[in-house]
Amino acid sequence: MGFRYGLRLGKQTLAALVDVIWPPRSLLSDEVVDRPGVIEPELWAELQFLGPPQCAACGFPFPEPSEAELLEGALCGACLAERPPFAAARAALAYDDHARALALGLKRGARRDGLTTFAGWMAQALGPLAAEVDLIVPVPLHWTKLATRGFNQAAWLAQALGRRLQMPVAVAGMTRAKRRRSQAGLTAAQRNRNVRGAFRAGPGVKGKVVLLVDDVFTTGATAAACARALSRAGAEKVYIITLARVTKPAKIDV
Ligand SMILES: [Zn+2]
């Protein structure tokens, strides 16, 4: 009796102590916040959320839209010239210093406390497209990378989004057959070559509308290579969702 009571008291004390030593911090600063996954209002106001008007295919924002660009289904110049191999790509945030910090916290800092927040933002960015999705699949890491890092940040995002949308997630729906060089610092053409033929999709995607999840959409080379692999495996349609998307030339190191 006395021992069990003591144990319970011990647990409570420990929880209180952990909160003092290691209280929840803002996703973007050292600011102490009242619960995990929160960003203080001043920094939150600086986040650049993406939404319409945007290219119906790649999701590129139209900052000063022409009348044609305001029409539903309007495409950007790049997608008019060549339709991407996916039906549509959307992203929650424009890639800037804040988005970079969030993506790095996830990938290098292994921070899981933002996942529920990110899933909410990504669901918002998908809008009505989410209702069409049958299966969520993350962009895979090569197994050697998974072994050294210990986790796939795209899989974390996919699982969080699956919980949010209440949809099935196939964490191993795709595999990376080829170990690629890091994409950091490569041009668009180099990125395309680097990922060509790198991905395989499993039989579970056949006949499904697949939502592919990644952390950052840079040139779209990875998304396009994955979409082609999913289509080859019989996926009916492929949508892409990422936490952030490059919208202007930027140094990408995630
Ligand atoms: Zn486009």
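We count ligands from 1, going down the list as the structure has it; atoms in each ligand are counted the same way. Keep in mind the model is a prediction, meaning the values are calculated, not measured. No hydrogens, no waters, no symmetry mates; every other heavy atom, side chains included, goes into these values.
Taken together through direct or relayed side-chain contacts under 4.5 Å among Ile, Leu, Val, Met, Phe, Trp and Tyr, Ile136 and Val209 form part of one hydrophobic cluster. Under the 4.5 Å side-chain heavy-atom criterion for grouping Ile, Leu, Val, Met, Phe, Trp and Tyr, Leu230 is connected to Phe217 within one hydrophobic cluster. Follow the hydrophobic side-chain contacts under 4.5 Å out from Leu243 and you reach Val213 in the same cluster.
Within 6.0 Å of atom CG in Asp34, more than 12 heavy atoms from other residues, nucleotides or ligands are found, so the atom counts as buried in its surroundings.
Contacts of Leu80 classified as side chain to side chain contact (heavy atoms under 4.5 Å, CB included), with partners at least two apart in sequence or in another chain: Leu75.
Classified by interplanar angle (parallel below 30°, tilted 30° to 60°, perpendicular above 60°), the ring pair Phe49/Trp44 is tilted.
Taking distances strictly below 2.8 Å, the protein N/O/S atoms close to the Zn ion (ligand 1) are Cys55 SG, Cys58 SG, Cys76 SG, Cys79 SG.
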